[in-house]
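Read through the structure below, which is laid out as structure tokens, and then see the notes.
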Amino acid sequence: MTQHLMKVSNLPVFLTNALQQEDYIVHDHAHIIDPEALTKVTALVGTGSESKVDKKLLSMLPNVKLIALCGVGYDGIEMDAIQERGIVVTHTPGTMTADVADLALGLMLAVGRRIPQADHFLRNGDWAMEPFAMTRRVSGKRVGILGLGRIGRAIAKRAEAFEMTVAYCGRTPKADVPYAFHADVASLADAVDFLVVATPGGAQTKHLVNADVLQKLGPKGFLINIARASVVDQAALVQALKDKTIAGAGLDVFWDEPRVPAELRSLTQVVLTPHIGSHTEETRRDMADLTMANLRAFYVQEALPTPVPECRPESASA
Ligand code: NAP
């Protein structure tokens, strides 16, 4: 039977193609022509980073029972509202772990060794006049990971190959890793050269990295954020960069994407990428496949492959 879905963000091309091939009808929440369609919609689809679903939107969609996200983060979903309605949220954990961790290391190398600036220097013809200014070594430095989950662990593994000392901060210490645990972010920042943000976004992690944490990271320290911009206090970060309270930052995520403040873009000690952590063909295909598997399982009433932790059967009985 043809199923009616509604997209709550732009959809990646692999997912759009797969939905078309499997005969789903996909409505766009921004352009509902037929109000009747709202009652036909039984599932929402969208990306992890862009989808916003709240009580107001759900009140217009009486028959929605699934939100299938193509991405790992789900901080845009009002979990109280979906739990009240018995709606299940699925995501695509694990599919992008390696790519996001690769980008984190890429940003560490790029900002530490000033690779984009060196490229610009050469293209500009400046090499003929003078040598490029010396940078500092990245290998062997101390890296602190805020949020030692799937991506955090993959970053730690890569950092070890660069002979770095790894420490981490999270809600609880992990028994299965040899890295030093810090109960608070400021203490972790004080102990490292690179502070890497790898937690989910949302209210619980909002501004965990604030002015005090940046002060602790210090003038030789770099901040890397491949997770969510909300974890970092934007005003405090821009100020810390302008005052040289920290040495620099490598950022893949921004507070009002795709808009990036001119003030941040004008700084030379930052490396900025347009939220491309999971942006490889391999990962995007895997993410689309897993999203489709969740949709299929939902409509044939089988166990969902990857519900978010709050929607797993064991969390209902806990
Ligand atoms: P994950 O496996 O759930 O890991 C998240 C980690 O954050 C866990 O270790 C968790 O600690 C920790 N954490 C949660 N709340 C915390 C808090 N209040 N304080 C400190 N630590 C906290 O998720 P993942 O797959 O690694 O993904 C992490 C995030 O990366 C996603 O949520 C998403 O926002 C972001 N992401 C970005 C991109 C991109 O394109 N740039 C792509 C994919 C994902 P516990 O172990 O204590 O629960």
Side-chain angles (χ1 to χ4, degrees), residues 9-10 12 46-52 69-77 79 89-108 144-158 166-177 179 181-189 195-210 213 223-232 249-255 257-258 260 271-280 282-284 286-288 290-291 306-312 315:
S9 74
N10 290 321
T47 62
S49 56
E50 286 175 36
S51 299
K52 305 260 177 284
L69 295 178
C70 187
V72 70
Y74 52 100
D75 40 298
I77 310 300
M79 289 307 283
V89 181
T90 61
H91 61 160
T92 61
T95 49
M96 69 279 279
T97 300
D99 280 348
V100 183
D102 289 352
L103 186 72
L105 265 291
L107 286 172
M108 286 165 71
I145 298 171
L146 172 56
L148 198 70
R150 287 172 293 259
I151 294 171
R153 284 168 185 259
I155 294 168
K157 213 163 117 186
R158 285 157 176 73
V166 179
Y168 71 103
C169 170
R171 291 174 295 191
T172 49
K174 313 273 174 222
D176 60 338
V177 295
Y179 317 131
F181 174 72
H182 292 253
D184 76 275
V185 197
S187 151
L188 180 69
L195 179 64
V196 185
V197 181
T199 61
Q204 295 202 334
T205 55
K206 187 170 178 204
H207 292 185
L208 275 181
V209 177
N210 55 24
V213 169
L223 179 76
I224 307 294
N225 191 359
I226 45 71
R228 284 287 185 268
S230 59
V231 187
V232 179
L251 309 172
D252 185 47
V253 286
F254 303 91
W255 299 269
E257 295 175 6
V260 178
V271 176
L272 310 173
T273 51
H275 205 142
I276 54 164
S278 64
H279 214 68
T280 67
E282 294 88 340
T283 284
R284 287 299 161 105
D286 290 348
M287 288 165 71
L290 188 48
T291 309
T306 47
V308 301
E310 294 90 329
C311 299
R312 288 182 195 149
S315 100

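Start at 1 with the first residue, then count along the sequence. Both ligands and their constituent atoms are indexed starting at 1 by order of listing.
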Report the distance from atom [atom1] of [X] to atom [atom2] of [Y], rounding to the nearest 0.5 Å.
| X | Y | atom1 | atom2 | result |
| --- | --- | --- | --- | --- |
| Ile155 | Arg150 | CD1 | CZ | 12.5 Å |
| Asp99 | Thr280 | CG | OG1 | 3.5 Å |
| Ser278 | Asp102 | OG | CG | 12.0 Å |
| His279 | Met287 | NE2 | CE | 10.0 Å |
| Thr97 | Lys157 | OG1 | NZ | 10.5 Å |
| Thr273 | Leu107 | OG1 | CG | 4.5 Å |

Within less than 4.0 angstrom of ligand 1, does [X] place any heavy atom?
| X | answer |
| --- | --- |
| Lys174 | yes |
| Leu208 | yes |
| Ala198 | yes |

Do any nitrogen or oxygen atoms of [X] come within less than 3.5 Å of a nitrogen or oxygen of ligand 1?
| X | result |
| --- | --- |
| Thr205 | no |
| Gly152 | no |
| His275 | yes |
| Ile151 | yes |
| Arg228 | yes |

Which ligand 1 atoms does [X] reach within 4.0 Å, using its non-hydrogen atoms?
| X | value |
| --- | --- |
| Ser278 | 40 (O) |
| Thr172 | 47 (O) |
| Leu148 | 9 (O) |
| Gly170 | 20 (C), 21 (N) |
| Gln204 | 18 (N) |
| Gly277 | 39 (C), 40 (O), 41 (N) |

By side chain to side chain donor-acceptor pair (under 3.5 Å) - contacts of Thr199 (at least two apart):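 None.
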With sequence neighbours excluded, residues passing salt bridge (Lys or Arg N to Asp or Glu O under 4.0 Å) with Arg153: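 So Arg153 forms a salt bridge (Lys or Arg N to Asp or Glu O under 4.0 Å) with Asp176.
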Heavy-atom nearest neighbour in the protein, as seen from atom 2 (O) of ligand 1, with distance rounded to 0.1 Å: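 I find the closest protein heavy atom is Arg150 N, 2.9 Å.
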For atom 38 (C) of ligand 1, the protein heavy atom that lies nearest, with its residue and separation: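 For this ligand atom, the closest protein heavy atom is Ile226 O, 3.6 Å.
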Residue of the set Lys206, Arg228, Lys52 for which salt bridge (Lys or Arg N to Asp or Glu O under 4.0 Å) holds with Asp75: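 For Asp75, the salt bridge (Lys or Arg N to Asp or Glu O under 4.0 Å) check succeeds only for Arg228.
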Nearest to [atom] by heavy atom, [options]: which?
| atom | options | answer |
| --- | --- | --- |
| atom 6 (C) of ligand 1 | Ala229, Pro309, Gly149, Ala183 | Gly149 |
| atom 32 (O) of ligand 1 | Ser49, Pro200, Gly147, Ala154 | Pro200 |
| atom 21 (N) of ligand 1 | Thr95, Thr199, Asn225, Val231 | Thr199 |

Main-chain N/O of Ser51 paired to Tyr74 side chain as donor or acceptor, under 3.5 Å: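 Answer holds: no.
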Heavy atoms from other residues, nucleotides or ligands near CD of Gln204 exceed 12 (cutoff 6.0 Å):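 No - once you tally the heavy atoms of other residues, nucleotides and ligands closer than 6.0 Å, there are 12 at most.
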